[in-house]
Asks: 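To start, I am sharing the structure in question, which I have written as structure tokens.
Each chain gets a letter, A, B and so on, in the order its sequence line appears, and its residues count up from 1. The structure displayed is predicted, hence computed values, not measured ones.
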Number of protein chains: 2
Amino acid sequence: MNIGFASSRSGLPKKTIRYYEEIDLVNPSRAANGYRDYSEDDIHCLNFIHRARNLGFSIEECRLLLSLYQDKNRSSSEVKSLALSKISSIEEKIAELQNMKDMLNKLARTCHGNDKPDCPILDEIAGARLNP
Amino acid sequence: MNIGFASSRSGLPKKTIRYYEEIDLVNPSRAANGYRDYSEDDIHCLNFIHRARNLGFSIEECRLLLSLYQDKNRSSSEVKSLALSKISSIEEKIAELQNMKDMLNKLARTCHGNDKPDCPILDEIAGARLNP
DNA sequence: CCTTGACCTTCCAGTAACTGGAGGCTTTAT
DNA sequence: ATAAAGCCTCCAGTTACTGGAAGGTCAAGG
């Protein structure tokens, strides 16, 4: 099946699917006219990648997951540790964003938000007296 | 003062400071020998940007904040609304990450993590039966 | 005066993961 | 026959830097 169909079957944009071929992630065969020709297996891989990306795995992690997925001798612990380390890096990101949010909230609360130039937000950013 | 000093005064890498000049964010004057020569005002701007970046503002948002900061006729509401919209986009990101984390946790809990190939994580990614 | 090392300069390339567009085939439908 | 839709490749741009090469400048020591 050609790329448009592969795109609707996988939910990935055509551009992205071509990109995945360029980086050697999913390599479809080619039809006589030069069009990409995706097999059911290829679609399966695209779906797999799509879901792993939604779980926050990077492309390189997806490549690894895919190779584990296709390796009948894999150990599940390898996959689990990848998942766990991904969880902790997500937790770090959340904490960092939470910090930003708290600080911005603190700033926004003190700002009147009127048409006067007087702005505690800018003052604080300029002076870095967020936590005196 | 030259770039090394500006770097230690602002806490930004020299490369980053040069980049900020390249994109017209902070334009120092030049000494006779061609070296960049940062004024106190320039340092102040660099610090301002450094802190705004840490609060999660993009470069373009920093540019705007900086121009507001230097505009004596600004209205504080403009700054406040920027802060508020940043807060809500941070909240969105947090929610998304929280979702990823929950799903990964759900997956990791069901995986034995031993040396057998049997892996519910991969099975779920492959089949997308996360929320049946 | 010369050298050494620490500065500084510019320019080019690379990162992650796509996305958009130009220019040009092929297929399908009317 | 022709128009629209779909496909192809290649190039450039996105964000915010980061690393490195090749080379100029400056201060200290011998």
Asks: May I have the distance from B:E21 (atom CD) to C:dC11 (atom C1'), rounded to whole angstrom?
Replies: 14 Å
Asks: Rounded to the nearest angstrom, tell me the gap between atom OH in B:Y20 and atom P in D:dC17.
Replies: 4 Å
Asks: Distance from B:L104 atom CG to B:I125 atom CD1, nearest 0.5 Å?
Replies: 7.5 Å
Asks: Counting only heavy atoms and a strict 4.0 angstrom limit, can you tell me which residues of residues 25-44 of chain B come near DNA chain C?
Replies: B:R30, B:G34, B:Y35, B:R36
Asks: Please assess B:E60 against B:R63 for the test salt bridge (charged side-chain N to carboxylate O under 4.0 Å, His left out), listing each intermediate value before the final yes or no.
Replies: CA-CA 5 Å; B:E60 288 316 306; B:R63 194 190 299 278; 3.0 Å; yes
Asks: Which whole-number value in Å describes the distance from B:E22 CD to C:dA13 P?
Replies: 14 Å
Asks: Can you tell me how far P of C:dC8 sits from CE of B:M1, to the nearest Å?
Replies: 12 Å
Asks: Establish, with yes or no, whether the OP1 or OP2 oxygen of D:dA16 is under 4.0 angstrom from a side-chain nitrogen or oxygen of B:T16.
Replies: no
Asks: To the nearest Å, give me how far apart CD1 (A:I3) and C1' (C:dT19) are.
Replies: 14 Å
Asks: Tell me: NE2 of B:H50 to P of D:dA16, nearest whole Å?
Replies: 14 Å
Asks: Write down the distance between NZ (A:K15) and C1' (C:dA17), rounded to a whole number of angstrom.
Replies: 13 Å
Asks: With a cut-off of less than 4.0 Å, is there a side-chain N or O of A:K14 near OP1 or OP2 of D:dG6?
Replies: no
Asks: Do NZ/NE/NH1/NH2 and the carboxylate oxygens of B:R30 and B:E21 come within less than 4.0 Å?
Replies: yes
Asks: Among the nucleotides C:dT9, D:dT18, C:dA17, which one has an atom lying closest to any side-chain atom of B:P13?
Replies: D:dT18
Asks: Closest approach to the side chain of B:Y19, judged atom by atom: which nucleotide of C:dC18, D:dA16, D:dT9 is it?
Replies: D:dA16
Asks: Please state how far atom CG in B:N2 lies from atom C1' in D:dT25, giving the value in whole angstrom units.
Replies: 11 Å
Asks: Does D:dC7 have its OP1 or OP2 closer than 4.0 Å to a side-chain nitrogen or oxygen of A:R18?
Replies: no
Asks: With rounding to the nearest 0.5 Å, note down the distance linking OG in A:S76 to CG in B:L122.
Replies: 9.0 Å
Asks: Would B:E22 and B:K15 satisfy salt bridge (charged side-chain N to carboxylate O under 4.0 Å, His left out), going step by step from the backbone distance to the final call?
Replies: CA-CA 10 Å; B:E22 194 186 321; B:K15 276 285 186 185; over 6 Å; no
Asks: Using every non-hydrogen atom in the two residues, find where A:D115 and B:S75 come nearest and quote the distance to one decimal.
Replies: CA-CB, 3.4 Å
Asks: Pick base, sugar-phosphate or nothing for A:I23, based on heavy-atom distances below 4.0 Å to the nucleic acid.
Replies: nothing
Asks: A:G113 and B:S77: which non-hydrogen atoms are nearest, and at how many Å?
Replies: O-CB, 3.1 Å
